[in-house]
Amino acid sequence: MPVVNNPLPERDRETAGAALQATLADLLDLSLVAKQAHWNVYGPRFRSVHVQLDEAATVARNHADTVAERAAALGVSPDGRAGTVAGASGVPVFPPGWTKDSDAVEALVYALSAVTGRLRERIVAMGPVDVVTEDLLVGLTADLEKQSWMFQAENRT
């Protein structure tokens, strides 16, 4: 029995909760990847890429909080522990060490693409289950796709 009651049927709550938990893992990992790149970026566009990476980390962290709170509102305990995130994230691994600005940008484009691809699948699954969670995921996807567009524009000549 959940600590928080919600009008969703149990099966729908479990489905929405699983989608939210998977999204939480992706977002927390994405925020860490963006920060790792932020701390290690170098190159002629250092300043602009450094700032942009920080913005991406903030967007991911803020959405992670919203996603976790939606899960809690459904009576599903969100799990943001490092081991859980590491085991569930679909974010590509970011290499250690110093990273050239263009490589950092490409890595973020790749990571954002992986996350938004997974989000789009969850959006489709949420349609018949919970329109509120579906709407949350739609807004989140739009924000991450905006980040992807801005990173892609950064490396185009």
Side-chain angles (χ1 to χ4, degrees), residues 15-74 76-127 130-157:
T15 300
L20 290 164
Q21 180 58 47
T23 301
L24 179 62
D26 284 350
L27 290 171
L28 291 172
D29 197 13
L30 180 62
S31 73
L32 293 171
V33 163
K35 272 301 193 182
Q36 181 68 20
H38 168 84
W39 295 322
N40 286 284
V41 70
Y42 72 91
R45 295 176 296 147
F46 166 80
R47 177 79 177 140
S48 64
V49 173
H50 181 77
V51 169
Q52 192 173 3
L53 288 163
D54 210 24
E55 181 180 315
T58 298
V59 166
R61 262 194 326 270
N62 289 345
H63 278 297
D65 191 52
T66 301
V67 165
E69 289 175 353
R70 175 65 186 154
L74 292 177
V76 176
S77 175
D79 189 350
R81 296 174 298 157
T84 301
V85 171
S89 173
V91 176
V93 174
F94 188 82
W98 299 111
T99 306
K100 184 165 176 37
D101 50 11
S102 58
D103 293 341
V105 167
E106 285 303 317
L108 259 290
V109 168
Y110 186 52
L112 286 160
S113 176
V115 173
T116 57
R118 289 166 52 101
L119 278 165
R120 285 183 168 275
E121 292 171 2
R122 293 178 198 131
I123 290 166
V124 171
M126 282 304 99
D130 179 23
V131 296
V132 176
T133 299
E134 178 188 37
D135 183 61
L136 184 151
L137 297 178
V138 166
L140 161 58
T141 303
D143 283 352
L144 292 182
E145 287 179 349
K146 178 181 176 184
Q147 288 293 315
S148 179
W149 155 58
M150 292 191 298
F151 276 106
Q152 289 179 54
E154 182 72 37
N155 263 5
R156 301 301 182 244
T157 55

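Below, each value reflects all heavy atoms present in this structure, side chains not excepted, and no hydrogens, waters or symmetry copies. Here, residue 1 is the first one in the sequence, and each next residue gets the next number.
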Would you say the side-chain atoms of [X] pair up with the backbone N or O of [Y], donor to acceptor, closer than 3.5 Å?
| X | Y | value |
| --- | --- | --- |
| T58 | D54 | yes |
| T23 | A19 | yes |
| S89 | A86 | no |
| Q21 | D79 | yes |
| D103 | T99 | no |
| N155 | S102 | yes |
| Q147 | L112 | no |
| D101 | R45 | yes |

Which heavy atom of [X] sits nearest to which heavy atom of [Y], and what is that distance?
| X | Y | answer |
| --- | --- | --- |
| V33 | P92 | CG2-O, 4.3 Å |
| A104 | A37 | CB-CB, 4.3 Å |
| W39 | W98 | O-CZ3, 3.9 Å |
| L28 | G80 | CD1-CA, 3.7 Å |
| F151 | Q52 | N-NE2, 3.3 Å |
| R122 | A22 | NH2-CB, 3.4 Å |

Please lay out, stage by stage, how D130 and T15 fare under the test side-chain contact (heavy atoms from CB on, under 4.5 Å). CA-CA 9 Å; D130 179 23; T15 300; over 6 Å; no
Cationic N near anionic O, under 4.0 Å, E145 to R120: yes
With the side chain counted from C-beta on, respond yes when [X] and [Y] share a heavy-atom pair under 4.5 Å apart, and no when they do not.
| X | Y | result |
| --- | --- | --- |
| L140 | L27 | yes |
| K100 | P44 | yes |
| L119 | V115 | yes |

Determine whether the side chains of S148 and Q152 contain a donor N or O and an acceptor N or O closer than 3.5 Å. yes
Report the C-alpha separation of T133 and L74 in whole Å, then their side-chain angles, then the decisive distance to 0.1 Å, and conclude whether the side-chain contact (heavy atoms from CB on, under 4.5 Å) test is met. CA-CA 10 Å; T133 299; L74 292 177; 3.9 Å; yes
Tell me, with the steps shown, if T66 and N62 meet side-chain contact (heavy atoms from CB on, under 4.5 Å). CA-CA 7 Å; T66 301; N62 289 345; 5.8 Å; no
When rounded to the nearest 0.5 Å, the distance separating CD of E121 from CG of L137 is 12.0 Å
Working to the nearest 0.5 Å, report the span between CG of D135 and CE of M126. 13.0 Å
Can you name the one residue among L108, V51, L53 that meets side-chain contact (heavy atoms from CB on, under 4.5 Å) with H38? L53
Does E154 form a side-chain contact (heavy atoms from CB on, under 4.5 Å) with V109? I'd like the steps, not just the answer. CA-CA 10 Å; E154 182 72 37; V109 168; over 6 Å; no
